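Working notes, structure below.
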There are 4 protein chains.
Amino acid sequence: MNSPTSGSLEPRKAPVQKRSKATVEAILEATVQVLLRDGAEKLTTRRIAERAGVSVGTLYQYAPSKEALLYALVSRHLDLTASAVEQACRTSHGRTLMQCSDAFVTAYVDAKAADPEVSRALYHATSRFDMTELVDAAFGRLYNAAHALLDGANDAVIKDIDHVVFSWVAIVAGGTRQIIEGADTVERFPAFRCQLVKICRAYLETVRIRE
Amino acid sequence: MNSPTSGSLEPRKAPVQKRSKATVEAILEATVQVLLRDGAEKLTTRRIAERAGVSVGTLYQYAPSKEALLYALVSRHLDLTASAVEQACRTSHGRTLMQCSDAFVTAYVDAKAADPEVSRALYHATSRFDMTELVDAAFGRLYNAAHALLDGANDAVIKDIDHVVFSWVAIVAGGTRQIIEGADTVERFPAFRCQLVKICRAYLETVRIRE
Amino acid sequence: MNSPTSGSLEPRKAPVQKRSKATVEAILEATVQVLLRDGAEKLTTRRIAERAGVSVGTLYQYAPSKEALLYALVSRHLDLTASAVEQACRTSHGRTLMQCSDAFVTAYVDAKAADPEVSRALYHATSRFDMTELVDAAFGRLYNAAHALLDGANDAVIKDIDHVVFSWVAIVAGGTRQIIEGADTVERFPAFRCQLVKICRAYLETVRIRE
Amino acid sequence: MNSPTSGSLEPRKAPVQKRSKATVEAILEATVQVLLRDGAEKLTTRRIAERAGVSVGTLYQYAPSKEALLYALVSRHLDLTASAVEQACRTSHGRTLMQCSDAFVTAYVDAKAADPEVSRALYHATSRFDMTELVDAAFGRLYNAAHALLDGANDAVIKDIDHVVFSWVAIVAGGTRQIIEGADTVERFPAFRCQLVKICRAYLETVRIRE
DNA sequence: GATGAATGAGCCTTCATTCAT
DNA sequence: TATGAATGAAGGCTCATTCAT
């Protein structure tokens, strides 16, 4: 899932020791905090280090660059989401179309909603720093998972499956982002989740070929 | 629609004279150009002024800050979109639910797809510089338009209309953004548009109360 | 005489206006001053700007990098020296071997001794920042000039002229540098100059083939 | 030979134990290696320690600072050269002027040419970090040795001996440096050495008073 | 003694913004 | 009114040096 463009985006040293591990975690956590409180604009290495309670030097001992920090953070987050969705798809493989739909939607939404603040911060990071590759890779995984899932539904065949998958993922991911980045995230989320389930059921119902 | 955080985001002088107006236009246009060609990263006042064929000094005569430039640009873009959607909603007021759905969806999508590159650039700008208020205001308009539209459908009453509107707008706007910011915008767009129409029809169908 | 390695080492803007020209001059002069007073170690852009009485920003308006500053300075200095020597060689072309020797030696030494402080500063700069190309180019000019000069002497033919030129230039340039970088530059220089003249006469006398 | 400006430049602990001595040696050797391979630009304590196979902490146990390392290195190198020259002078004491000349020149040149790469690296180091005192001290020894040597020549008395010694040493040392720092060190060196011998003979011949 | 994680001063450079011409 | 030279705060990052383990 990694393919750095220039210069390493990999952590500089493996956090073998406990202390180090904690430091790395603190730095990543601080990055999110700063992103959240001060915005991507003010996300400076000094602020990150400060919030993490370490010096800039220490920060650079673990991350080769500011960009790499975001890269790591986003990579991890996307991986978590993709994994959760893949897992759900595997579990629901062979069930009914409606069950598949629900599984996919709730897995994705719940993954993003688990920590909406973090999700929001990383949405910011993603569009500020070019992370196209990371995002594309993650979406590739989602497409594959969704494709396999629909293919395996035990009570349906999907017409025009490629377009369906593409559009389905788009509205699930895009809709979710819309909510999370929006003004009143938390309160509205449960209702949206509920509606999104309906939307997807309704949609897939229309593109199925009953068997 | 404006409520700047600090300092005015309004143009410094009203472009009463023709020349002024042209200059303002050139500057805004240049801003988009730079955004498009060089990316948000390299969007500097010097570049903008250069591309616009004026000096930095002149630029600052018409815009109080770089941020204001983006603000104006995004504001205008969002306004265009919202207006297009409002127009479509007005036109389709009192028609069937399906007609309403199609009208809303296609109006929104087409507004964004008219110049996908510009849309993409402005998505970037939006998340780079905090423009929450602008975005929220625009969404407010969309919500209102959608609400009125559904309310006026001549063959349906919508259950739980607030949540429906909220979620509907979310997937339309979010899905569209997803596509536009994605890797292969242009090719995939028509197919997505087509599916999105289906998705919304199917959804609204399920939340209607037939009359 | 210029062949920058990476990134431009050329001045960023041509100093067309008087003010600009003065600024550029002040910056270059300041660079020498800092080099002299604080040493190459402490040659920072901030110090240079400070001493020049301008801001760092201004400094960077005229020089794309700190390295370029040194590059320009050294380039100019080497060019002055080489030009002076070439001129002297041209003037003495066709005279006696002893006259040629004297002309070359005094031209070189006097060029370097004109402002020993500056010469010293630039010796430092030269070995601190890689300016091999500049130095090599300048030496190339010296070799050529010396070669032509000896070739044109009206009362001698030189044995093994390549080696002679090479060694001759080496001791003239090297000896001069030694003195200038040494502890008591000023006092000792005249005596050295006088001896160097003798040295070179004696040497060339031994490698001549009388005609 | 040492009179540091601030802080001691002496090793922190006398390397009484064998292991210590070996460590010190490894560190110094590593310093040269890094200087040679990576250049003075990249001569960092971390790299030195790494190459020496010790930790930075250990490095600082034996050297009070990076500068001290270079100081020690240069000091040793200059001492070697000066010693070699002194030895040669002692050996040739009382011989003919020409023999004395040859002895001095070849001793110096050969000392520097023994490992031209190291010499070159240390020339760099010398002008990078202010080592005036070290260099001056070394030259003092050379002057004394040369003075005594000429004084003791069995077939000549030198006119104006102070100036002669000064200039003689200057061209020998300066010329040699010129070659070693130049582009094509190795190939040209033998020829230069040969010419330098001639130059010095010719020179001293002209300043002798035959007895 | 040895280690290497942590420190933080300080470096080079950019760029939004101002203001004298 | 237009210009663009000048400003200087601020950013990312390095590296000599220290000190708890």
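Because the structure is predicted, anything quoted here is derived from the model rather than measured. Residue numbers begin at 1 in each chain, while the letters A, B, ... track the order of the sequences.
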Open item on the list: If we count only N and O atoms by modelled type, under 3.5 Å, do the side chains of T23(B) and S20(B) hold a donor and an acceptor together?
Closed with: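 Short answer, no.
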Tell me whether the OP1 or OP2 atom of [N] has a side-chain N or O from [X] closer than 4.0 Å.
| X | N | value |
| --- | --- | --- |
| S55(D) | dG4(E) | no |
| Y62(D) | dA2(E) | yes |
| Y60(B) | dT17(E) | yes |
| T58(B) | dT3(F) | yes |
| R46(A) | dG11(F) | yes |
| T45(A) | dG11(F) | no |

Distance check needed: [N] [atom2] versus [X] [atom1], whole Å only.
| X | N | atom1 | atom2 | value |
| --- | --- | --- | --- | --- |
| L59(A) | dG11(F) | CG | P | 14 Å |
| L69(D) | dT17(F) | CG | P | 10 Å |
| E41(A) | dG12(F) | CD | P | 11 Å |
| Q61(D) | dC19(F) | CD | C1' | 12 Å |
| E50(A) | dA9(E) | CD | P | 13 Å |
| R128(A) | dG12(F) | CZ | C1' | 14 Å |
| Y71(C) | dC12(E) | OH | P | 20 Å |
| F129(C) | dC12(E) | CZ | C1' | 11 Å |

TODO: Could you tell me the separation between the OH atom of Y62(B) and the CD1 atom of I27(B), rounded to the nearest 0.5 Å?
DONE: 7.5 Å
Within the 4.5 Å heavy-atom criterion, are [X] and [Y] side-chain neighbours or not?
| X | Y | result |
| --- | --- | --- |
| L69(B) | L73(B) | no |
| E29(A) | Q33(A) | yes |
| E181(C) | H124(C) | yes |

TODO: Have a look at T44(C) and say if it touches a base, only the backbone sugar-phosphate, or nothing, with a 4.0 Å heavy-atom cut-off.
DONE: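 Sugar-phosphate, no base atom in range.
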- [ ] Give L43(D) one of three labels, base, sugar-phosphate or nothing, depending on what nucleic acid heavy atoms sit under 4.0 Å from its own.
- [x]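 Sugar-phosphate: the residue L43(D), judged by heavy atoms under 4.0 Å, touches backbone atoms but no base.
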- [ ] Compare every heavy atom of L43(D) with every heavy atom of K66(D), then report the nearest pair and how far apart it is.
- [x] NZ-O, 2.8 Å
Task: Earlier contact from the 5' end, DNA chain E, for G53(D) and K66(C) - done: G53(D)
Task: 5' priority, DNA chain E, between G57(C) and V54(D) [closest heavy atom] - done: V54(D)
TODO: Could you tell me which residues satisfy side chain to side chain contact (heavy atoms under 4.5 Å, CB included) with V135(C), sequence neighbours excluded, listed by chain and number?
DONE: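 V135(C) satisfies side chain to side chain contact (heavy atoms under 4.5 Å, CB included) with L78(C), T126(C), F139(C) only.
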Task: Test side chain to side chain contact (heavy atoms under 4.5 Å, CB included) applied to R120(B) - qualifying residues, sequence neighbours left out - done: E117(B), I180(B), T185(B)
Open item on the list: Let me check I have this right: for DNA chain E, each base becomes ., (, ), [, ] or |, based on Watson-Crick or G-U pairs with both distances under 3.5 Å. What is the full string?
Closed with: .||||||||||||||||||||
- [ ] Looking only at side-chain atoms of V56(A), point me to the closest of dA16(F), dT13(E), dT14(F).
- [x] dT14(F)
